[in-house]
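Side-chain atoms are counted along with the backbone in the values below, which use heavy atoms only and exclude waters and symmetry mates.
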Amino acid sequence: MVTREALRNMKMGETKTFDCPDRMAYNSGQATAYQMARIEGCKYSAVEGEKPNQLVITKSAL
């Protein structure tokens, strides 16, 4: 599950894969990543993984 805490703990350049239980959780995870990017002043790339409802997030500098 994508949480603010999980995103906060990521290091710059780190990529994490999240297996979401359904599409609603997937969409929520994407929204959380983009919200945290504004709060932390960095960039999160959130893309679909190889499996259904898999979200791959990478943290990087602006």
Side-chain angles (χ1 to χ4, degrees):
M1 176 153 243
V2 181
T3 63
R4 288 179 175 217
E5 192 64 30
L7 296 174
R8 237 184 242 114
N9 291 333
M10 289 176 68
K11 301 203 182 336
M12 289 294 175
E14 183 179 356
T15 299
K16 265 191 161 177
T17 301
F18 297 90
D19 291 314
C20 303
D22 54 31
R23 202 64 181 178
M24 184 181 276
Y26 175 92
N27 291 336
S28 177
Q30 273 189 320
T32 300
Y34 293 127
Q35 289 169 355
M36 286 301 293
R38 293 184 59 89
I39 292 169
E40 293 188 332
C42 64
K43 180 180 177 185
Y44 286 99
S45 168
V47 297
E48 192 165 6
E50 296 176 3
K51 295 188 272 181
N53 297 326
Q54 188 178 62
L55 186 58
V56 179
I57 298 178
T58 303
K59 183 177 185 177
S60 57
L62 289 176

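- By the side chain to side chain donor-acceptor pair (under 3.5 Å) test, Asp19 is found to be paired with Gln54, residues two or more places apart in sequence or in another chain being considered.
- Shown here for Lys16 and Ala6, the closest heavy-atom pair between the two residues is NZ-O, 4.2 Å.
- Listed by first and then second residue, the salt bridge (charged side-chain N to carboxylate O under 4.0 Å, His left out) pairs involving residues 40-49 are Arg23-Glu48, Glu40-Lys59 (not counting sequence neighbours).
- Hydrophobic cluster membership of Val56, counting Ile, Leu, Val, Met, Phe, Trp and Tyr whose side-chain heavy atoms lie under 4.5 Å apart directly or via other members: Val47.
- Shortest non-hydrogen contact noted between Ser60 and Cys42 is O-CB, 3.4 Å.
- In this structure, Leu7 belongs to a hydrophobic cluster whose other members, linked by side-chain heavy atoms under 4.5 Å apart, are Val2, Met10, Phe18, Tyr26, Met36, Ile39, Tyr44, Leu55, Ile57.
- The environment of Met24 atom CE is sparse: at most 12 non-hydrogen atoms of other residues, nucleotides or ligands sit within 6.0 angstrom.
- Listed by chain and residue number, nothing satisfies the side chain to side chain donor-acceptor pair (under 3.5 Å) test with Ser28 (two or more places apart in sequence, or in another chain).
- Shown here are the side-chain contact (heavy atoms from CB on, under 4.5 Å) partners of Glu5, two or more places apart in sequence or in another chain: Thr3, Arg8, Asn9.
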